[in-house]
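All values below were derived from every heavy atom in this structure, side-chain atoms included, with hydrogens, water molecules and symmetry-related copies excluded.
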Amino acid sequence: VQLVESGGGLVQVGDSLRLSCASSENTLSLDTMAWYRQVTGRPRELIGTITTNSRTTAYADSMTGRFTISIDNTKNTMYLQANSLTLEDTAVYSCNAKRRRGKGWGTVYSYWGQGTQVTVSS
């Protein structure tokens, strides 16, 4: 599975941005997808997840409110809508996909995109 993020760039404080994560495979063949971000010098942090078939979302406590994750399974693409951006939102945003295969508990396979830089300026 290849994941390609797009939509990053330079924005101003208060702006909104929509990032995309395109999957090379049918997103319904994946169990969950997620958005993460990483600020230089800090650990990667989870923004939220989405279950591909039910489109149920869950967000990290610190991310609730300004971020919305959605998915269009007809386009095999997940989205991240980010509103009211602040300087602290400057980071590399990456998407992740997971699926479990095999008998019993099986094996969880995890896939990552290359990331897209979002820079918020004043």
CD1 on Ile47 to OG1 on Thr68, rounded to 0.5 Å
11.0 Å

Would you give the length of the straight line joining atom OG1 of Thr32 to atom CG of Asn96, rounded to the nearest 0.5 angstrom?
7.0 Å

Summary of ring-ring contact (aromatic ring centres under 6.0 Å, His included) pairs that have at least one residue in residues 1-24, sequence neighbours excluded
none

Tightest non-hydrogen contact, residues Ile50 and Ile71, listed as CD1-CG2, 3.7 Å

Output the distance between atom CG (Leu30) and atom OG1 (Thr51), rounded to the nearest 0.5 Å.
11.5 Å

Greater than 12 external heavy atoms within 6.0 Å of Arg101's CZ
yes

Between Ala34 and Leu46, the two heavy atoms sitting closest are CB-CD1, 4.1 Å

Using distance alone, with no hydrogens and no angle criterion, decide if Ser23 and Asn76 have a side-chain donor and acceptor under 3.5 Å apart.
no

Can you pull out every ring-ring contact (aromatic ring centres under 6.0 Å, His included) where at least one residue sits in residues 24-54? Sequence neighbours excluded, please.
Tyr36-Trp112

Looking at residues at least two apart in the chain, or sitting in another chain, which of them share a salt bridge (Lys or Arg N to Asp or Glu O under 4.0 Å) with Arg44?
none

Euclidean distance, Leu3 CG relative to Ser24 OG, rounded to 0.5 Å
7.0 Å

Applying side chain to side chain donor-acceptor pair (under 3.5 Å), name anything that partners Asp72, two or more places apart in sequence or on another chain.
Thr74

Across all chains, not counting sequence neighbours, the side chain to side chain donor-acceptor pair (under 3.5 Å) partners of Ser29 are Arg99

Does Leu87 reach the side chain of Val13, with side-chain heavy atoms less than 4.5 Å apart?
yes

ring-ring contact (aromatic ring centres under 6.0 Å, His included) pairs touching residues 56-82, sequence neighbours excluded, are none

Polar side-chain atom of Glu5 near backbone of Cys95 as donor-acceptor pair, under 3.5 Å:
yes

How long is the span from the CD atom in Gln2 to the CD atom in Glu25, to the nearest 0.5 Å?
9.0 Å

List the atom of Asp31, the atom of Arg100, and the distance in Å for their closest heavy-atom pair.
OD2-N, 2.6 Å

Nearest 0.5 Å, please: how far is OG1 in Thr49 from NZ in Lys98?
9.0 Å

Residues in side chain to side chain donor-acceptor pair (under 3.5 Å) with Ser16, at least two apart?
Asn83

What pairs with Tyr111 under ring pair (Phe, Tyr, Trp, His ring centres under 6.0 Å), at least two apart in sequence or on another chain?
none

Using side chain to side chain donor-acceptor pair (under 3.5 Å) as the criterion, list what pairs up with Arg18, not counting sequence neighbours.
none

Remaining members of Val92's ILVMFWY cluster at a side-chain heavy-atom cut-off under 4.5 Å?
none

In a table with atom names and distances, give each donor-acceptor pair under 3.5 Å that connects a side chain of residues 115-122 to protein atoms at least two apart or in another chain.
residue : atom : partner : partner atom : Å
Thr116  : OG1  : Gly8    : N            : 3.3
Gln117  : NE2  : Ala91   : O            : 3.4
Gln117  : NE2  : Thr119  : OG1          : 3.4
Ser121  : OG   : Val11   : O            : 3.4

Can you run down the ring-ring contact (aromatic ring centres under 6.0 Å, His included) pairs that involve residues 85-105, sequence neighbours left out, and say none if there aren't any?
none

Identified side chain to side chain donor-acceptor pair (under 3.5 Å) partner of Thr27 from the options Thr52, Asn73, Thr77
Asn73

Side-chain heavy atoms of Arg37 within contact of Asp89, under 4.5 Å
yes

Connected via hydrophobic side-chain network under 4.5 Å: Tyr109 and Met33
yes

